[in-house]
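Below is one structure, written out as structure tokens; the observations come after it.
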Amino acid sequence: LAKSAQNRTNAEALAFAKDVEHRWEEANSSGVPARRPSPEEIKEACRALLTIDPTDKDYPRAWAAFVRLRKIDRDAAG
């Protein structure tokens with residue numbers, strides 16, 4: 001997660017994270033691994049969320065999404 005993230009707005013970072021989560025859920029429920037996000041996409045989504053300022057109103061949603069993505073990252077590795 002130490003790599004720098006692309007410059008994204010808060011809304012873009014949250015949307016990217018949501019897309020990664022959605023594709024993960026679809027791949028697991030349908031059994032079609034082709035839709036599964038790559039480990040790099042998961043990490044990139046995490047990095048994008050970490051760029052959101054803790055004082056911003058979007059931060060609680062970003063942190064919750066970050067926690068979910070870290071679980072997905074662990075599940076993908078396992």
Side-chain angles (χ1 to χ4, degrees):
L1 295 176
K3 285 173 140 179
S4 67
Q6 288 181 2
N7 287 338
R8 290 187 170 94
T9 65
N10 291 357
E12 290 170 335
L14 288 165
F16 182 51
K18 185 176 182 178
D19 177 61
V20 169
E21 286 183 76
H22 179 70
R23 288 189 295 138
W24 176 261
E25 291 168 9
E26 274 187 351
N28 285 340
S29 65
S30 69
V32 180
R35 293 269 309 144
R36 182 174 287 160
S38 70
E40 185 55 39
E41 286 177 300
I42 297 167
K43 286 177 179 45
E44 185 179 339
C46 286
R47 284 192 296 271
L49 293 171
L50 289 174
T51 64
I52 296 176
D53 190 311
T55 61
D56 193 282
K57 66 177 177 59
D58 290 326
Y59 185 76
R61 289 188 315 148
W63 184 252
F66 175 79
V67 170
R68 291 189 302 270
L69 285 172
R70 290 296 293 150
K71 182 179 182 328
I72 289 171
D73 190 38
R74 287 190 301 275
D75 291 346

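Numbering starts at 1 and runs along the sequence shown. Atom set for the values below is all heavy atoms of this structure, side chains included, hydrogens, waters and symmetry mates excluded.
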I need the minimum non-hydrogen distance between Asp73 and Arg70, along with the two atoms involved.
OD2-NH1, 2.9 Å
Taking all non-hydrogen atoms of both residues, which atom of Ala65 and which atom of Ala17 are closest, and how far apart?
CB-CB, 4.4 Å
From CD1 (Ile72) to NZ (Lys43), nearest 0.5 Å
12.0 Å
Salt bridge flag under 4.0 Å for residues Glu25 and Arg68:
no
Could you state the interatomic distance from OG (Ser38) to CZ (Arg23), rounded to the nearest 0.5 Å?
7.5 Å
Looking at Ile52 and Tyr59, what are the two nearest heavy atoms and their distance?
O-CD1, 3.6 Å
Within the 4.5 Å heavy-atom criterion, are Arg8 and Arg47 side-chain neighbours or not?
no
Pairing residues for Ser30 by the side chain to side chain donor-acceptor pair (under 3.5 Å) criterion, not counting sequence neighbours:
none
How long is the straight-line distance from CG of Asp53 back to CG of Asn10, given to the nearest 0.5 Å?
8.5 Å
Check this for me: does any side-chain nitrogen of one of Glu21 and Lys71 sit under 4.0 Å from a carboxylate oxygen of the other?
no
Nearest 0.5 Å, what's the OG-CH2 distance between Ser29 and Trp24?
11.5 Å
Donor-acceptor check, side chain of Glu12 to backbone of Thr9, threshold 3.5 angstrom: yes or no?
yes
What are the two closest heavy atoms between Leu14 and Leu49, and how far apart are they?
CD2-CD2, 3.8 Å
Can you name the closest pair of heavy atoms from Ala45 and Leu69 and give their distance?
CB-CD1, 3.6 Å
Glu26: side chain to side chain donor-acceptor pair (under 3.5 Å) partners, not counting sequence neighbours
His22, Arg35
